[in-house]
**Student:** 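One structure follows; several queries about it will come next.
None of the values given here were measured: they were computed from a predicted structure.
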Amino acid sequence: ENKMVSNGIEAYWQDAVIYVVCFQVRNSNGNYRDIKKNLIFKEELSEQEVADIITRKFSNVQKVKYVDCWSEALQLK
């Protein structure tokens, strides 16, 4: 019976990892602003890998202030 429950979870859910991040951006008028977000990834990454993704995928990032691995999660497939 436990095997059926396990198969049911895997059929609809996939593992994910939630990171709490803060990074600094420069807006169009030259002011700096801190952005704090929770980011969800399909696998566990190093803090440096998450920081690299932030600088590549967000605009005008001046620096990544912190990356914390916050929790494991389940994501609907």
**Student:** With a 4.5 Å limit on heavy-atom distance, are the side chains of I40 and Y19 in contact?
**Tutor:** no

**Student:** Would you call V17 and C69 a side-chain contact if the rule is heavy atoms closer than 4.5 Å?
**Tutor:** yes

**Student:** Please find the pair of heavy atoms, one from A73 and one from I18, that lie closest to each other, and give the distance.
**Tutor:** CB-CD1, 3.8 Å

**Student:** Taking the side chain as every heavy atom from C-beta outward, state whether V67 and F23 have any pair of such atoms under 4.5 Å apart.
**Tutor:** no

**Student:** Are R33 and N31 close enough that some pair of their side-chain heavy atoms sits under 4.5 Å apart?
**Tutor:** no

**Student:** Should I53 and L45 count as side-chain neighbours, where that means a heavy-atom distance under 4.5 Å?
**Tutor:** yes

**Student:** Got a sec, which pairs hit salt bridge (Lys or Arg N to Asp or Glu O under 4.0 Å) with one end in residues 63-77, sequence neighbours left out?
**Tutor:** D34-K65

**Student:** For S46, which residues count as a side chain to side chain contact (heavy atoms under 4.5 Å, CB included) partner, sequence neighbours excluded?
**Tutor:** Q48, E49

**Student:** Tell me, please, which residues at least two apart from D15 pass side chain to side chain contact (heavy atoms under 4.5 Å, CB included).
**Tutor:** L74

**Student:** Output all residues satisfying side chain to side chain contact (heavy atoms under 4.5 Å, CB included) with L39, sequence neighbours left out; order by chain, then residue number.
**Tutor:** V21, K37, F41, I54, F58

**Student:** Would you say I35 ends up clustered with Y66 if hydrophobic residues are merged whenever their side chains have heavy atoms under 4.5 Å apart, either directly or through other cluster members?
**Tutor:** no

**Student:** Once rounded to the nearest 0.5 Å, what's the spacing between atom CZ of R26 and atom OG of S28?
**Tutor:** 11.0 Å

**Student:** Going by the rule side chain to side chain contact (heavy atoms under 4.5 Å, CB included), which residues pair with S71 if we only count those two or more places apart in sequence or in a different chain?
**Tutor:** none

**Student:** Can you tell if the side chain of Q62 reaches within under 4.5 Å of the side chain of Y32, non-hydrogen atoms only?
**Tutor:** yes

